[in-house]
Amino acid sequence: MLVIYDPTHLLHNPTTELYDGVATPSPETPDRIETIKKSLEELLQLCWKNPDNFSDEEALTLHSKPYIEYLRESSSRLVKGQECVTSNFIHDTYAPISNGTWAAARSALNTALTGAQSLLQGDDNAVYVLCRPPGHHAGDAYMGGYCFFNNAGAAANYLSAHGRVAILDIDYHHGNGTQQLFYERSDVLYVSIHANPANQYPYTNGFEAETGLGKGLGFNKNIVVEKYCGWDIYSHAFTEALEAVTQFKPDYLVVSLGFDGYKDDPIAGFGLSIENFGQISSEIKKLGLPTLLVQEGGYCIEALGDLAKEIVENLS
Ligand code: Q9C
Ligand code: ZN
């Protein structure tokens, strides 16, 4: 397996988010990716690559001009130590911008697109995009939920010029941004298994009645499970998700890979063990598709390295 990694992510280092109006430490920290990197470096079958530089035209096609300019400017305006969490371009209070945010979010797009390009070139049948900040809560003109640009969406859109693309989102939270970006498209399928939005973030989207619009009708599938549901229930939901992917007959698979379903995740958790993530990974391998894994959430720092290893070892 090939891994794409860029240390530029370290420039985005938020200290606080506003939880119910109160400044609270942010769990989306640089050591998430650093700990996964250290752990994967112990595996000898991996190849590592730094991302290539993609132009703004290539990388930012899914986002609106005013949103892009807002993020670029606000990020450059802030000085060290300053953070900002309010604007017209945010859908919650969970995406703090600081001086390094633009560079880091932009590099995450390069990382995802380099992964997509490697997959197209046939460098490997599975590529791991080890990126942050994550992306699946970012929509065309908004940030939120630690996300600024939609990395998996950008990769899927890039691949869609070469075939049918299925996005399988296994982050604990619904990828409301990804859903929005592809809601009226039939060439990219979005399938997500996530916690019930009636009581879990992002609250506003992710219900099973949301199935797509216009041409995209039938190409958006939300599968809702409850917090701490455990493997018995989760595995059924996962089988249903895989059936939807198979039925679509994609040429490429993009996995929005969140580890926040892990049982000890500090902000989430489906009650899944490390072995369960291995089962998920071997089922994905059985699909036999060129697969791009794009890192999304996952906040249990002590377990992230083992979770990533488990995914890689069962998919290689
Ligand atoms: N208790 C990702 O996993 N916090 N984002 C909600 C409500 C925001 C998660 C707090 C969670 C965002 C990529
Ligand atoms: Zn999440």
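All values below were derived from every heavy atom in this structure, side-chain atoms included, with hydrogens, water molecules and symmetry-related copies excluded. First listed ligand is number 1; within each ligand, the first listed atom is number 1.
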Checklist line | His63 ring center within less than 6.0 Å of Phe149 ring center | finding: yes
Check: Is Phe219 linked to Leu287 within one hydrophobic cluster, defined over Ile, Leu, Val, Met, Phe, Trp and Tyr using a side-chain heavy-atom separation of less than 4.5 Å?
Finding: yes
Next item on the list: Please note down the angle at the Zn ion (ligand 2) between ND1 of His173 and OD2 of Asp171, to the nearest 10°.
Entry: 160°
Check: Taking only residues two or more places apart in sequence, or in another chain, which ones meet Thr16 in a side-chain contact (heavy atoms from CB on, under 4.5 Å)?
Finding: Ala23, Glu83
Checklist line | Pairs flagged by ring pair (Phe, Tyr, Trp, His ring centres under 6.0 Å) wherever residues 12-33 is involved - sequence neighbours left out | finding: His12-Phe148
Next item on the list: Specify whether an N/O/S atom of Asp260 falls short of 2.8 Å from the Zn ion (ligand 2).
Entry: yes
Notebook entry, point to check: salt bridge (Lys or Arg N to Asp or Glu O under 4.0 Å) between Lys215 and Asp187: does it pass, once the steps are laid out?
Noted result: CA-CA 9 Å; Lys215 274 202 317 230; Asp187 59 330; over 6 Å; no
Item checked: Electrostatic pair Arg72:Asp56 at N-O distance under 4.0 angstrom -> yes
Item checked: Sequence-distant partners of Lys65, side chain to side chain donor-acceptor pair (under 3.5 Å), two or more places apart -> none
Taking a 3.5 Å cut-off between nitrogen or oxygen atoms, can you list every pair linking ligand 1 to the protein, with distances?
{"residue": "ligand 1", "atom": "3 (O)", "partner": "His173", "partner atom": "ND1", "Å": "3.2"}
{"residue": "ligand 1", "atom": "3 (O)", "partner": "Asp260", "partner atom": "OD2", "Å": "3.1"}
{"residue": "ligand 1", "atom": "3 (O)", "partner": "Tyr299", "partner atom": "OH", "Å": "2.6"}
{"residue": "ligand 1", "atom": "5 (N)", "partner": "His137", "partner atom": "NE2", "Å": "3.3"}
{"residue": "ligand 1", "atom": "5 (N)", "partner": "Gly145", "partner atom": "O", "Å": "3.0"}
{"residue": "ligand 1", "atom": "5 (N)", "partner": "Tyr299", "partner atom": "OH", "Å": "3.4"}

